[in-house]
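Numbering of residues begins at 1 and proceeds along the displayed sequence.
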Amino acid sequence: MDFAAGNGADTNTSNSGWWAVESALAPSHIYSKDSDILSAGLLQEYSVLAGVAANMSSGFLLLNSRERVTYFNASAVRLLGINSHELIEQPVFDVRKQLLTLAAEPERVQDELDRAWFSPGQESSTDIALADAAVRWLRVRCFPMWDATGHLLGRGILLDNITLERSSIESRGEALALAAHELKTPLAVIKGCATTLLGNSTRWDPIMQREMLQMIDTHADRLYDVLNTLLDVWRLDSGAQTLQLSQVQIPELLRQVVEHWQKAAPRHTFVLTIPPVVPLEVVCDAVRVGQALHSLLNNAVTYSSEGGTITILLESNDVEVRLSITDEGVGIAPEHLDRIFERFYRVQQREGLTVSGSGLGLAVARATFEAHGGRIWADSAGLGEGATIYCTLPFAPRLSSQLQRQTQPLSSSPSGPLPTVRSSGLLKPSQRAYILVAEGDARLVRYLRANLEEHSYRVHTVNHGIQFLRQLDLEEPDLILLSTRLADISGLELLQRLREFAHIPVVMLCDDCDEDERVRLFDLGADDLVMKPFGMKELLARLRALLRRRAAPGEQMAPQAIFTTGELTIDYAQHQVFLERRPVQLSRTEYKLLSTLAHNVGMVLTHEVLLGRVWGPEYNREVDFIWVYISRLRRKIEADPRHPTYILTVPDVGYKLAKL
């Protein structure tokens, strides 16, 4: 069929579509030869197609071979910013010229439109940024129309509003740029310290080397926090994050969070109001909600001046609890109220206010509350007037169907399926077992970390043996997952070294091990082993069994958890040291060195033994380490470090802690 040609002729406006009819060029296809009456079949087909086109959200135009508009729908009129009379009454309406008139940068898009317009036999697509329009981006797609003989009848044009699509791309690009900025700073510090140490390590004394290594460790932790937080936000937003639901006493959770911030920000005043009528328990993920509350209070402290008051109010109705956090800080302009919960978004602050952090705290809070079926929003009277952030939590989370499949199984109740609740109470950080994972396979590491963290374990991962030994120096784990194959040192050798100075439970992750190799691993000190590939449920059960057995000796030794010699006291349970009943601030390594001496009070420990137990066997020749840390300890616990009474030197042998 051909198109009826020409604008400015008879029109049919049924179905909200307009046909401009000047003549019939191919009557044999449209009209009956005998009666010039449309056949019933073609009339029905026309009605269906016209109805579809008229109800399209996309703009739709048909142009004949002379570039005259023969059909257009209501969406085309709206997207082109004209009225239907302009298309009907003008002798020839130039669609290309109208698009260039709407474009924000006509010079840039003219070449693309020209290529499309002057090649009518080819398909094309062009995105145009519009100026002064509610629709900011328009996609123009052109396609040729051919008859059965291959003759070009004209072209069709589709117009689509892609403003949301482009906004999503722009916001994603902005988020990536901000993420790159947040990651660049710690990477620069790590690179600088590593380059300095590698360039000429002999010129730096052990103390300076240690400080640089600590800077690397601190900024690596910051990198980990940013990436892990980004992953949390993505999981929560996509519904892929498993929620560990339990009956949580919200008032108690709030009190713990506020107590923490009263210590962390002593110059601020915190006012917590919990009416007696507020229900005590809410079904939620205690760890995630606690993290979100910390982010909200951190935001209030950050944007408040010292001495300001932060008011926390808990309220409830029949279906949910509502929390409001009000500060007396810098306030938020109206145009920023909706955007402050976006990832990395920060309001440009007044001069003199320095803000640190990743800019992800409020995004995490939003994702957490929305994952539970709650809401979060902000309100402010304006700049300098403070701000209030409101958030709600339903008593039982309203989860999406996808998130319900990801969440812990739920038990039934008389009123229907409800979330299964673990034992009531709050999950304290001290109750989270710390697991050190040493594995060379990056994909397996990600798999282990995701599953262990979802079951509330604290996880640290390494892929080199040296990293493994140094991490043991920084913090002793509750349990170790150790692969038989690492990048630099075999798991078997690491297990052998570990058993020289520690009795931490170890589960070996074995590749291809025959019976003799498995027996050797057990003889060297492995507590358990699993063969790859393994089932996560079985591995988690084995970890729980080992942690239960490890907890029993600790309970039996509780009465001996306090060591005293003279005025020096060590509380092993709390990892605290007191001198004349006053607390002494020690680093991890200083505490480990002192507790090693205390466990062998009155006995001389050689330099090699101390180095092996405190730093690891690979440091057994670094005698300077001992001298530096013994000197630090003496300055902190001795009345006269030059004439010590607690830590005594045995010349050319080692040190001992005196029993007074």
* Do Phe369 and Leu296 touch side chain to side chain, with heavy atoms closer than 4.5 Å? -> yes
* Given side chains that start at C-beta, do those of Val282 and Val321 come closer than 4.5 Å, heavy atoms only? -> yes
* Polar side-chain atom of His372 near backbone of Asp285 as donor-acceptor pair, under 3.5 Å -> yes
* Rounded to the nearest 0.5 Å, how far does NZ of Lys191 lie from CD1 of Ile216? -> 10.5 Å
* Derivation and outcome, side-chain contact (heavy atoms from CB on, under 4.5 Å), residues Ile312 and Leu297 -> CA-CA 9 Å; Ile312 304 102; Leu297 283 178; 4.0 Å; yes
* To do: Report the relative orientation of the aromatic rings in Trp377 and Tyr390; use parallel for angles under 30°, tilted for 30 to 60°, perpendicular for over 60°.
  => parallel
* Sole residue of Ser125, Ser75, Ser58 in side chain to side chain donor-acceptor pair (under 3.5 Å) with Asp160 -> Ser58
* Structure fact -> Of all heavy-atom pairs linking Phe395 and Glu320, the shortest is CE1-N, 3.4 Å
* Asked: Atom CD of Gln262 and atom CZ of Arg255: how far apart are they, to the nearest 0.5 Å?
  -> 12.0 Å
* Are the side chain of His260 and the backbone of Gln256 linked by a donor-acceptor contact shorter than 3.5 Å? -> no
* Structure fact -> Scanning both residues in full, the closest heavy-atom pair of Pro477 with Tyr434 reads CA-CD2, 3.2 Å
* Nearest heavy atoms of Ile250 and Cys284, plus distance in Å -> CD1-SG, 4.4 Å
* Rounded to the nearest 0.5 Å, how far apart are CZ of Arg322 and CG of Asn317? -> 9.0 Å
* Asked: Glu538 and Arg542: salt bridge (Lys or Arg N to Asp or Glu O under 4.0 Å), yes or no, with the steps?
  -> CA-CA 6 Å; Glu538 179 185 353; Arg542 291 175 182 270; 2.7 Å; yes
* To do: Measure across Thr388 and Ser324 and return the closest heavy-atom pair with its distance rounded to 0.1 Å.
  => CG2-CB, 4.0 Å
* side-chain contact (heavy atoms from CB on, under 4.5 Å) assessment of Lys532 paired with Glu439 -> CA-CA 12 Å; Lys532 301 176 185 176; Glu439 169 59 58; 2.9 Å; yes
* Do you know the tightest heavy-atom contact between Ser305 and His268? -> O-NE2, 3.4 Å
* **Non-hydrogen side-chain atoms of Thr461 and Leu448 separated by less than 4.5 Å** => no
* Going from CZ on Arg139 to CG on Leu79, what distance comes out if it is rounded to the nearest 0.5 angstrom? -> 13.0 Å
* Non-hydrogen side-chain atoms of Val52 and Phe60 separated by less than 4.5 Å -> no
* Look only at the side chain of Asp527 and the backbone of Val507, and say whether a donor-acceptor pair between them is shorter than 3.5 Å. => no
* Min side-chain heavy-atom separation Leu452-Leu481 under 4.5 Å -> yes
* Going through the distances and angles, do Trp261 and Asn298 end up as a side-chain contact (heavy atoms from CB on, under 4.5 Å)? -> CA-CA 8 Å; Trp261 281 98; Asn298 178 60; 3.3 Å; yes
* To do: With the side chain counted from C-beta on, respond yes when Arg549 and Leu546 share a heavy-atom pair under 4.5 Å apart, and no when they do not.
  => yes
* **Side chain Asp327, main chain Ala387, donor-acceptor under 3.5 Å** => yes
* Could you tell me whether a side-chain N or O of Asn299 sits under 3.5 Å from a main-chain N or O of Ser295, the two making a donor and an acceptor? => no
* Spacing of CG belonging to Asp379 relative to CD belonging to Glu385, to within rounding of 0.5 Å -> 11.5 Å
* **Asp127/Ile162 under side-chain contact (heavy atoms from CB on, under 4.5 Å): CA gap, chis, key distance, verdict** => CA-CA 8 Å; Asp127 291 351; Ile162 59 167; 3.6 Å; yes
* Asked: Rounded to the nearest 0.5 Å, what separation is found between the CD1 atom of Ile310 and the CG atom of Leu272?
  -> 12.0 Å
* To do: Would you check if Leu509 and Phe534 make a side-chain contact, meaning some heavy-atom pair closer than 4.5 Å?
  => yes
* So, for Asn161 and Trp137, which heavy atoms are closest and what is the spacing to 0.1 Å? -> OD1-O, 3.5 Å
* Asked: Looking at side-chain heavy atoms only, is the closest gap between Val301 and Phe270 below 4.5 Å?
  -> yes
